[in-house]
There are 4 protein chains.
Amino acid sequence: MNKRKPKYNQIIEAAVEVIAENGYHASQVSKIAKKAGVADGTIYLYFKNKEDILVSVFEEKMGQFIEKTEMTIEQKENANEKLLALIEMHFQQLASNPLLAVVTQLELRQSNPALRIKINQVLKPYLIVIDGIIKEGMQDGTFRKDLNLRLVRQMIFGTLDETVTNWVMKDRKYNLMEQASDVHQLLTNGLKVSK
Amino acid sequence: MNKRKPKYNQIIEAAVEVIAENGYHASQVSKIAKKAGVADGTIYLYFKNKEDILVSVFEEKMGQFIEKTEMTIEQKENANEKLLALIEMHFQQLASNPLLAVVTQLELRQSNPALRIKINQVLKPYLIVIDGIIKEGMQDGTFRKDLNLRLVRQMIFGTLDETVTNWVMKDRKYNLMEQASDVHQLLTNGLKVSK
Amino acid sequence: MNKRKPKYNQIIEAAVEVIAENGYHASQVSKIAKKAGVADGTIYLYFKNKEDILVSVFEEKMGQFIEKTEMTIEQKENANEKLLALIEMHFQQLASNPLLAVVTQLELRQSNPALRIKINQVLKPYLIVIDGIIKEGMQDGTFRKDLNLRLVRQMIFGTLDETVTNWVMKDRKYNLMEQASDVHQLLTNGLKVSK
Amino acid sequence: MNKRKPKYNQIIEAAVEVIAENGYHASQVSKIAKKAGVADGTIYLYFKNKEDILVSVFEEKMGQFIEKTEMTIEQKENANEKLLALIEMHFQQLASNPLLAVVTQLELRQSNPALRIKINQVLKPYLIVIDGIIKEGMQDGTFRKDLNLRLVRQMIFGTLDETVTNWVMKDRKYNLMEQASDVHQLLTNGLKVSK
DNA sequence: CATGAATGAGGCTTCATTCAT
DNA sequence: CATGAATGAAGCCTCATTCAT
């Protein structure tokens with residue numbers, strides 16, 4: 001599948017818009033085709049089936065998402081700053097693309113387990129980025145050495161994800177970016193009064 | 001609707017099993033009726049429609065879930081112990097009811113926005129329980145006084161939810177209960193080395 | 001079937017009201033039972049099935065309708081006056097019972113062919129009354145002797161029926177009774193200028 | 001909706017046959033599709049829903065019915081001959097298309113009020129044709145000048161309709177066409193002996 | 001006689017996918 | 001490559017009727 005063909009991208013962009021506007025279940029292939037300006041059948045020249053469109057949407061968008069995050073993090077000097085940068089990038093990229101936020105936080109979660117598994121595979125590189133920060137922090141003495149990698153990763157991702165989902169469900173009425181530093185604080189210092 | 005009617009509970013229990021076994025979208029009303037040992041039409045004497053079954057499943061199960069959590073927490077003396085108890089109860093209740101865990105963590109998330117909103121309303125009391133612990137901790141000096149209530153709630157719930165979902169998706173291959181104390185540690189002390 | 005039992009009549013009257021209010025297809029047996037103040041099952045002690053209720057409604061009401069018409073006509077001296085009386089009675093009885101008019105002119109016509117045949121059997125005595133008037137008129141020289149009995153009966157009944165149906169469909173906005181004399185005129189003198 | 005598409009007409013013709021054969025309520029969309037030789041879903045490319053098929057059947061058939069009637073009437077020189085032509089056309093068209101007669105006289109009357117209203121709108125042009133004849137007859141002195149237009153229209157239509165319905169219900173055992181001249185006689189001269 | 005909880009058959013419609021052009 | 005007309009499988013819900021009490 002030649003992903004450089006313009007129609008491929010037209011369809012991807014149309015899919016994001018259609019899903020964000022109409023919701024997952026009301027996003028018929030014919031609607032995506034119409035918005036993309038192609039015939040229904042043309043979709044099947046570029047995608048195996050409807051699920052493939054959705055996975056591809058997530059792949060394309062998350063690919064850029066992760067890439068940008070990695071580039072930004074590379075420039076930071078220590079794990080703590082990298083973690084803050086990750087949080088900021090996470091919030092900033094979804095805040096600046098509300099349609100995509102709706103799709104990733106709400107609509108794509110309505111998919112069936114088979115699709116969910118594929119989506120998780122796409123997410124894996126992102127989790128590896130998180131893991132890298134944690135490991136680096138444990139090595140350079142920023143974070144505690146006895147951290148359970150999986151649990152920390154789940155705490156970080158779970159917190160970011162829940163925060164963004166809440167923001168989307170509250171119709172994005174408040175500024176997500178402003179939460180970044182507080183979330184970073186919480187994750188690094190925890191709830192307790194420091195002694 | 002008299003919820004003490006045996007058929008009502010038969011249908012609720014059957015629904016949990018059918019959804020866990022077949023997945024949300026393959027859970028036809030007729031399948032639930034068959035498993036419950038009643039006629040299809042009988043379902044509609046106790047539930048308004050299919051969605052009402054699903055909401056009721058969540059209401060019944062989460063109602064018990066929250067009630068047990070509240071009862072356990074009451075007996076604890078301070079916010080820190082209450083938080084640990086909440087985490088333990090959260091993990092324990094889902095670990096001891098794998099079918100329900102599949103339903104709440106995976107299947108019910110595939111539902112449409114209307115159902116999602118109702119599910120969120122059912123969850124609200126649980127979030128209030130979490131809020132209560134945080135507030136108590138801030139008052140009695142266990143937790144920092146400058147915590148952002150919403151963010152902390154999102155961190156706690158997001159972490160627990162993500163942890164359970166991962167456990168379910170990994171086919172429950174490891175012991176969820178054993179994670180409770182580490183998760184509590186992480187949430188209260190954060191990632192950083194304490195000084 | 002003891003038709004003197006009060007419940008029998010309660011159900012008949014309830015059926016007329018329910019059909020007139022809700023229409024034929026929305027007239028569930030349970031609705032009729034509720035309005036009659038009896039249990040659903042009780043209906044089946046007095047009627048064989050739902051169709052039997054409807055036929056009985058028509059039988060009871062048309063029985064009275066025809067009886068009153070016959071009594072009034074008997075007192076008239078010639079065929080012409082009898083025809084006028086028939087028209088007046090037809091219009092008057094339906095005009096004074098709007099619920100019944102809705103049921104007979106609109107709702108009962110939605111029934112299936114089997115029921116339609118039974119309804120036609122109930123109507124037969126009325127057609128015989130009409131036939132009697134025509135025959136009498138032909139014998140006593142009021143009406144032409146070469147009239148085709150069936151056609152005349154169809155003209156008379158068709159005209160009355162269509163007139164009442166139009167009146168019901170126009171929401172009974174005009175006075176039906178006032179039309180009686182004109183209709184009688186039309187039927188007896190026809191359209192042409194008399195020579 | 002391009003009504004010249006062959007499938008559109010296939011479906012219309014199939015619907016007439018299926019309704020006439022099976023009756024209104026037993027006329028499932030799938031039966032019509034099968035008889036038309038198309039897939040169930042194809043129906044919905046040409047019709048909005050099942051009701052739309054029925055309305056369209058009536059529109060198409062009554063459209064032709066009225067058109068032919070108008071064309072025949074135009075060639076007649078006076079109101080009296082036009083009325084006779086109308087009656088003949090009414091009988092002839094239904095007599096030559098027994099399936100359609102069953103559909104229009106019996107089956108379509110079982111429809112719900114919403115559909116009945118649409119059917120009445122389709123009939124309106126026919127009533128206007130009748131009105132035209134009456135008005136012309138009153139102007140040219142063929143008919144009495146004091147006729148009540150609505151009542152006359154109801155007498156004519158009611159008589160024709162009742163006559164055809166009776167003929168259909170009697171299983172078309174006699175010749176409908178032969179009645180035309182007698183019906184015309186009746187309508188124009190009435191019942192009374194002319195003086 | 002009376003109840004009313006339980007039954008279960010039956011159909012319209014949507015929409016992902018195909019394939020002849 | 002591109003089209004878009006055609007396909008056909010699949011499920012929620014209603015409501016007349018029964019029968020154990």
Side-chain angles (χ1 to χ4, degrees), chain A residues 2 5-8 11 25-34 36-54, chain B residues 2 5-8 10-11 25-34 36-53, chain C residues 2 5-8 11 25-34 36-54, chain D residues 2 5-8 10-11 25-34 36-53:
Chain A
N2 185 349
K5 285 283 168 65
K7 302 221 171 176
Y8 176 89
I11 295 167
H25 280 113
S27 293
Q28 298 89 338
V29 171
S30 60
K31 241 181 216 162
I32 296 174
K34 194 168 195 176
V38 301
D40 292 15
T42 304
I43 298 268
Y44 291 86
L45 298 174
Y46 294 93
F47 300 91
K48 217 165 63 250
N49 51 33
K50 187 183 178 183
E51 191 177 290
D52 191 31
I53 308 175
L54 301 175
Chain B
N2 184 354
K5 286 275 175 63
K7 307 233 166 179
Y8 177 88
Q10 280 171 45
I11 295 167
H25 280 113
S27 293
Q28 299 91 333
V29 171
S30 60
K31 246 179 210 161
I32 296 174
K34 195 167 197 177
V38 301
D40 291 16
T42 305
I43 298 269
Y44 292 88
L45 296 176
Y46 296 92
F47 301 91
K48 227 174 41 255
N49 50 35
K50 187 184 177 183
E51 189 177 294
D52 191 31
I53 308 175
Chain C
N2 185 349
K5 285 285 169 61
K7 302 222 171 178
Y8 177 88
I11 294 166
H25 280 113
S27 293
Q28 298 89 338
V29 172
S30 59
K31 239 179 217 165
I32 295 173
K34 194 168 197 177
V38 301
D40 291 14
T42 304
I43 298 268
Y44 291 86
L45 298 174
Y46 294 92
F47 300 90
K48 219 167 59 250
N49 50 34
K50 186 183 177 182
E51 191 177 292
D52 191 30
I53 308 175
L54 302 175
Chain D
N2 184 353
K5 287 275 174 66
K7 306 233 165 175
Y8 177 89
Q10 280 172 44
I11 295 167
H25 281 114
S27 292
Q28 299 91 332
V29 172
S30 59
K31 247 179 210 162
I32 296 174
K34 196 168 194 176
V38 301
D40 291 16
T42 305
I43 299 267
Y44 292 87
L45 296 177
Y46 296 93
F47 301 91
K48 225 171 46 253
N49 49 34
K50 186 182 178 183
E51 189 177 295
D52 191 31
I53 308 174

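So that the names make sense, note that chain A is the first sequence line, chain B the second, and so on, each numbered from 1.
Between C/I53 and C/I11 the shortest heavy-atom distance is CG2-CG2, 4.4 Å.
Every stem involving DNA chain F, taken as at least 3 paired positions in a row under the Watson-Crick or G-U wobble test at 3.5 Å, is listed here: E:2-21 with F:2-21.
Under the side chain to side chain donor-acceptor pair (under 3.5 Å) criterion, B/K31 pairs with B/Q28, not counting sequence neighbours. For C/T42, the side-chain contact (heavy atoms from CB on, under 4.5 Å) partners are C/K7, C/V38, C/A39, C/L45, C/Y46, not counting sequence neighbours. C/V29 meets the side-chain contact (heavy atoms from CB on, under 4.5 Å) test with C/I43, C/Y44, C/K50; sequence neighbours excluded.
Distance CD1 (B/I11) to P (E/dA5): 14 Å, rounded to an integer number of Å. As a whole-Å value, the separation of B/F47 CZ from E/dA6 P is 12 Å. Straight-line distance from the OH atom of A/Y8 to the P atom of F/dA2: 15 Å, rounded to whole Å. Atom CD1 of B/I43 and atom P of F/dC12 are 10 Å apart (whole Å). Taking atom NZ on B/K34 and atom C1' on F/dG11, their separation rounds to 15 Å, with Å as the unit.
Between C/Y8 and C/F47, the ring planes are parallel. Angles under 30° get that label, and only those over 60° would be called perpendicular.
Note on C/K7: a side-chain N or O is less than 4.0 Å away from OP1 or OP2 of E/dA2.
For the atom pair A/L54 CG and A/S27 OG, the distance stands at 8.0 Å (nearest 0.5 Å).
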With B for base contact, S for sugar-phosphate-only contact and - for none (protein heavy atoms under 4.0 Å), nucleotides 12-21 of chain E reads SBBSSBB---
